[in-house]
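Comments concern the structure below.
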Amino acid sequence: MRRRLRNAGRPGVAGLALSAADCALWDLKARRHDLPLARLLGTARRAVPVYGSGGFTTYDDAQQHRQLAGWVHEQGIPRVKIKIGGSCGTEVGRDLARMTAARRTIGDDAELFVDANGAYQRKQAIRVAHAAADLDVRWYEEPVSSDDLPGLGLVRDHVAPDVTAGEYGYDLVYFHRMAPYVDCLQIDVTRCGGISEFLRVAAVADAAGLQVSAHCAPHQHVPVAAATPNLRHLEWFHDHVRIESMLFDGAEPADGGDTRVPLDRPGNGLEFRADRAQRYRVS
Ligand SMILES: [Mg+2]
């Protein structure tokens with residue numbers, strides 16, 4: 001499949017299709033051998049650490065508070081991420097106010113992550129991190145565009161939080177080029193080329209002395225995350241958790257900050273609920 005995409009180009013819908021096929025074939029192989037997929041891949045851990053991810057810039061203060069408090073104080077997830085960089089980075093005062101509110105909600109012990117989705121300019125991104133220094137932000141995702149590799153490196157060298165990127169990566173070379181400029185590489189198994197490529201990217205990161213973090217689609221990631229020794233955590237993206245839990249049996253919760261690896265059933269441990277999906281049919 002990879003070779004056949006040479007002329008069409010790997011990024012975009014072709015890469016998503018390749019990733020889906022690769023994930024499905026790994027799942028099929030595990031089911032045919034009556035093995036949990038994580039076992040087939042080589043289990044490195046029985047539970048995968050997660051971080052709660054949401055905190056959209058469109059939320060009001062009460063909505064952000066409810067979401068973060070739910071993860072930290074009700075589910076016991078000790079890491080959460082909010083979005084910053086609203087309106088293309090023109091609302092820095094509001095970004096800082098929302099970060100301050102988030103820290104107030106989660107208390108001193110939980111880790112606070114932020115994701116600017118590439119909204120800031122280089123020096124602006126550094127100034128934002130310095131202005132938030134007393135909030136102990138640990139994770140600074142895409143402070144500048146992930147296409148600006150020297151910019152990511154500049155920010156990384158001047159701020160305390162780990163600078164991270166990689167969610168748009170469609171092939172191994174993308175991550176190889178990015179690795180020298182970040183503190184942690186994010187990989188999306190639904191985009192990077194599937195489980196086969198995820199494992200190769202994790203090896204590239206390891207060779208550069210980096211950990212990796214799995215981006216979104218949490219239950220699709222669990223088996224490969226369980227098989228990745230240098231995994232830091234998995235993004236527990238609120239909308240994907242909601243959809244996966246609705247459309248699949250076997251979508252495990254993440255109470256306590258880890259989600260259990262399904263080692264007691266074959267394949268990825270998920271069963272599609274066609275009955276629940278029926279109402280969303282479009283053809
Ligand atoms: Mg992101």
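Every heavy atom of this structure was used, including side-chain atoms; hydrogens, water molecules and symmetry mates were not. Just follow the structure's listing: the first ligand is 1, and inside any ligand the first atom is 1.
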query = Checking side-chain hydrogen bond (donor to acceptor under 3.5 Å, both in side chains) against His215, which of Thr164, Asp188, Thr190 comes through?
reply = Asp188
inquiry  = In terms of relative ring orientation, are Phe113 and His233 parallel, tilted or perpendicular, with 30° and 60° separating the classes?
reply    = tilted
ask   = What is the minimum heavy-atom distance between Leu231 and Pro49, and which atoms define it?
value = CD2-CD, 4.5 Å
message = According to side-chain contact (heavy atoms from CB on, under 4.5 Å), who are the partners of Phe248, at least two apart in sequence or on a separate chain?
response = Leu270, Phe272
request  = Provide the full list of side-chain hydrogen bond (donor to acceptor under 3.5 Å, both in side chains) pairs with a residue in residues 219-228, sequence neighbours left out, each pair given once.
outcome  = His219-Glu244
inquiry  = Give me each pair satisfying side-chain hydrogen bond (donor to acceptor under 3.5 Å, both in side chains) with a member in residues 79-88, each pair once, sequence neighbours excluded.
reply    = Tyr51-Lys81, Lys81-Glu141, Lys81-Glu235, Lys83-Asp115, Lys83-Asn117, Ser87-Glu91
key: Proximal protein heteroatoms (N, O or S) of the Mg ion (ligand 1), under 2.8 Å   = Asp115 OD2, Glu141 OE2, Glu167 OE1
